[in-house]
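Have a look at the structure below, then the notes.
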Amino acid sequence: QVQLVESGGGLVQAGGSLRLSCAASGRTFRSYGMGWFRQAPGKEREFVAAIRWSSGSTDYADSVKGRFTISRDNAKNTVYLQMNSLKPEDTAVYYCAAASGYSGLSRQARYDYWGQGTQVTVSS
């Protein structure tokens with residue numbers, strides 16, 4: 001059974017940093033793309049970043065480029081999202097997801113598995 005478990009969310013002041021983790025288990029993810037999405041109150045869930053597990057190549061939403069970094073640790077089967085220079089508009093529930101294959105990773109419909117989400121709140 002595939003499980004994606006996020007952790008690392010919390011409350012931080014604007015300009016601060018957080019690192020989210022997504023521990024993946026239940027199968028081999030080497031041919032998977034891993035993504036982070038977020039959903040703010042009253043808004044649609046949106047793409048944040050993605051990484052292709054085998055190559056490590058990445059994609060980012062324009063709103064987080066230069067501030068967020070997605071990475072993975074093969075030994076720990078874990079994906080990270082390092083978030084720097086946080087803004088109040090980054091406040092959302094952040095979700096980790098896994099997609100079979102490497103194309104279209106900015107689209108939610110591509111993803112087969114989702115975590116339960118972790119809350120990130122950025123105060124001004």
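A quick note: this is a predicted structure, and the numbers were derived from the prediction, not measured.
Under the 3.5 Å distance criterion, with hydrogens and angles disregarded, a donor-acceptor pair is assigned to the side chains of Y102 and S54. Side chains of T78 and D73: no donor on one and acceptor on the other come within 3.5 Å.
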Could you walk me through whether M83 and S17 pass the side-chain contact (heavy atoms from CB on, under 4.5 Å) check?
-> CA-CA 5 Å; M83 306 186 294; S17 297; over 6 Å; no
K87 vs V64, side-chain contact (heavy atoms from CB on, under 4.5 Å): CA-CA, chis, key distance, verdict | CA-CA 10 Å; K87 304 175 182 180; V64 306; over 6 Å; no
Given the rule in the side-chain hydrogen bond (donor to acceptor under 3.5 Å, both in side chains) test, do D112 and S100 qualify, once you have shown the distances and angles that lead to the verdict?
-> CA-CA 7 Å; D112 305 297; S100 176; 4.8 Å; no
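Taking each heavy atom of W36 and C22 in turn, the nearest pair found is CZ2-CB, 3.7 Å. Shortest non-hydrogen contact noted between L105 and I51 is CD1-O, 4.5 Å. Between R27 and N77, the shortest heavy-atom contact is O-ND2, 4.1 Å. Heavy atoms only, all atoms of each residue included: S63 and R38 are closest at OG-NH2, 3.6 Å.
In this structure, V79 is a member of the same hydrophobic cluster as L20, with clusters built from ILVMFWY side-chain heavy atoms closer than 4.5 Å. Hydrophobic cluster membership is shared by I70 and W53, with clusters built from Ile, Leu, Val, Met, Phe, Trp and Tyr side chains linked at under 4.5 angstrom. Cluster membership for F37 and L18, using ILVMFWY side-chain heavy atoms within less than 4.5 angstrom, is not shared.
Using a 4.0 Å cut-off between charged side-chain N and carboxylate O, K65 and D62 make a salt bridge.
Residue pairs satisfying the disulfide (SG to SG under 2.5 Å) criterion with at least one member in residues 50-81, sequence neighbours excluded, are absent.
In this structure, the side chain of R107 does not engage the main chain of S103 through any donor-acceptor pair within 3.5 Å. Put simply, the side chain of Q108 gets close to the backbone of R45: a donor and an acceptor are under 3.5 Å apart. A donor-acceptor pair under 3.5 Å is formed between the side chain of E6 and the backbone N or O of C96. A donor-acceptor pair is defined here as one N or O able to donate and one able to accept, closer than 3.5 Å; no such pair exists between the side chain of Y94 and the backbone of V48.
Residues meeting the side-chain contact (heavy atoms from CB on, under 4.5 Å) test with A98, sequence neighbours left out: L4, F29, Y32, M34, Y113.
With rounding to the nearest 0.5 angstrom, the CZ atom of R67 is 12.0 Å from the CD atom of Q82. Atom-to-atom distance recorded for Y95:OH and Y111:OH is 15.5 Å, nearest 0.5 angstrom. The CG atom of N84 sits 6.5 Å away from atom OG1 of T69, with the distance rounded to the nearest 0.5 Å. Between R52 atom CZ and S57 atom OG the span is 4.0 Å, to the nearest 0.5 Å.
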For residues 117-124, tabulate all N or O donor-acceptor pairs below 3.5 Å that involve a side-chain atom, not counting sequence neighbours.
unit_1	atom_1	unit_2	atom_2	d
T118	OG1	G9	N	3.3
Q119	NE2	A92	O	3.4
Q119	NE2	T121	OG1	3.3

